[in-house]
Visitor: 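Structure below; questions to follow.
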Protein chains: 2
Amino acid sequence: MISKKTKYAINALVFLAKRTGEGPIVISEIAEKERIPRKFLESILLSLKKAGLLASKKGKGGGYFLLQDPEEINLADVMRLFDGPIAFLPCVTYKYYERCEECKDEETCGIRDVFFEVKQKTVELLKQASLSEIIKRESNLISHL
Amino acid sequence: MISKKTKYAINALVFLAKRTGEGPIVISEIAEKERIPRKFLESILLSLKKAGLLASKKGKGGGYFLLQDPEEINLADVMRLFDGPIAFLPCVTYKYYERCEECKDEETCGIRDVFFEVKQKTVELLKQASLSEIIKRESNLISHL
DNA sequence: TATAAAGTCTATAGATTTGGTAGACTATTC
DNA sequence: GAATAGTCTACCAAATCTATAGACTTTATA
């Protein structure tokens, strides 16, 4: 399961993506419309800013806005930012690699082999899931009601 | 990431699967050979027993052994037993379904749509990963060294 | 029938993560 | 200079994870 933090981040990003071009949106509006605790959202947006996905403007007329294209931002990156590795085992991650303490031989581990495959497929799907893709799916779902 | 509990459970099960037919294996042996803290392993094996995957025999000559066929036991079931749902969102699980509090309309949620697909593929792969499959992969890896 | 072997049950506990809250501070606009 | 809006630091309660301790029960067998 992803954390609430990640879920909130995704919701906020999709929200901002839908309003691209409208200029900065204030935290309070995102918080209200997306039903996210205001103070919690603050720290989430700050992280997204540090990661280079968002930019902000202070003072009156300020707020947050997307810095990257909605096609560029995908769920794999967002999930990794907040929850760390997507893989089920530390020994099949790339950036967060760690050996399993109790493992006897990584090279011939059948469990690792399975989880490596699962990770590959998962990341592939999550990389494809950009903000634009999510919005597209939403409108598809609406038109099929 | 899966919990250590789940990882230990999988290791213990694979270990027992490899020694099918040898009669009951004592906890201490599994603990030593698989490098799992003894007391922690006790409770894990007990859970696996309650779930119907293992059976035990008390007293001298006792121990644990598989109750199901190694082809029948798969990673999806084991992971669900200890870590709960495999899905990334509570709204795309089957047995643990829960609505996202902050969600405005589940039916038209593009995020949910993506995560549903991811879950489907993941579960499919994990269901295929039986104990026999894991052991088979291990021997494949060994023969390709 | 003792006794050693082996699983079972209940309780506890430290460490870490999760999901937040409070409040002072800084920058910007009008 | 006052209102607006993001930033930074600190804190905190609850849950989860990873165990450990110890008493208890059952069984085989000498």
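These values consider heavy atoms only, across backbone and side chains, with no hydrogens, waters or symmetry-generated copies. Below, read A as the first sequence line, B as the second, and so on, with proteins coming before strands; counting in each chain starts at 1. On a predicted model such as this, the values are computed, not experimentally measured, just so you know.
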Visitor: On DNA chain D, does the nearest nucleotide to B:Phe82 precede the nearest nucleotide to A:Leu46 from the 5' side, or the other way round? Give the residue.
Guide: A:Leu46
Visitor: Taking CZ from B:Phe65 and C1' from C:dA6, how many angstroms apart are they, rounded to a whole number?
Guide: 13 Å
Visitor: Are A:Lys7 and A:Glu34 close enough for a salt bridge, meaning some N to O gap below 4.0 Å?
Guide: no
Visitor: For A:Tyr8 and C:dG20, is the shortest distance between a side-chain N/O and OP1 or OP2 below 4.0 Å?
Guide: yes
Visitor: Respond yes when some side-chain nitrogen or oxygen of A:Ser56 is under 4.0 Å from OP1 or OP2 of D:dT7, and no when none is.
Guide: yes
Visitor: Please give, in whole Å, the distance from D:dT7 P to A:Tyr64 OH?
Guide: 3 Å
Visitor: Starting from P on C:dT8, measure out to CG on B:Leu54 and report it in whole angstrom.
Guide: 10 Å
Visitor: Of B:Gly59 and B:Asp83, whose closest DNA chain D nucleotide lies nearer the 5' terminus?
Guide: B:Asp83
Visitor: Round to the nearest Å and state the distance from A:Lys39 atom NZ to C:dT18 atom C1'.
Guide: 18 Å
Visitor: So what does A:Leu45 touch, heavy atoms closer than 4.0 Å: a base, only the sugar-phosphate, or nothing?
Guide: nothing
Visitor: NA contact type, A:Lys49, heavy-atom cut-off 4.0 Å: base, sugar-phosphate, or nothing?
Guide: sugar-phosphate
Visitor: Is it true that B:Glu42 and B:Arg38 have a side-chain N and a carboxylate O under 4.0 angstrom from each other?
Guide: yes
Visitor: Which nucleotide in the list D:dT20, C:dG7, C:dT28 gets nearest to the side chain of B:Pro37?
Guide: D:dT20
Visitor: Between A:Lys57 and A:Lys5, just flag the one whose closest nucleotide in DNA chain C comes earlier from the 5' side.
Guide: A:Lys5
Visitor: Taking all heavy atoms of A:Ser43 and all of A:Lys5, pick out the closest pair and write down the distance.
Guide: OG-CE, 4.4 Å
Visitor: In whole Å, I'd like the distance from the CD1 atom of A:Ile25 to the P atom of D:dG6.
Guide: 11 Å
Visitor: With nearest nucleotides of DNA chain C determined for B:Gly63 and A:Ser3 from heavy-atom distances, which residue corresponds to the more 5′ nucleotide?
Guide: B:Gly63
Visitor: What's the CD-C1' distance between A:Glu102 and D:dT18, to the nearest Å?
Guide: 13 Å
Visitor: Does A:Lys4 reach a base, just sugar-phosphate, or nothing at all? Heavy atoms under 4.0 Å.
Guide: sugar-phosphate
Visitor: Just by distance, do the side chain of A:Asn74 and the backbone of A:Asp77 share a donor-acceptor pair under 3.5 Å?
Guide: yes
Visitor: Over how many whole Å does the gap from B:Ile30 atom CD1 to C:dA6 atom P extend?
Guide: 12 Å
Visitor: So with a 6.0 Å cut-off around CD of B:Glu22, is the heavy-atom count from everything else above 12?
Guide: yes
Visitor: Rounded to whole Å, please give me the gap between CD in A:Glu42 and C1' in C:dA22.
Guide: 11 Å
Visitor: Ignoring the backbone of A:Lys60, work out which of D:dT4, C:dT26, C:dG19 is nearest its side chain.
Guide: D:dT4
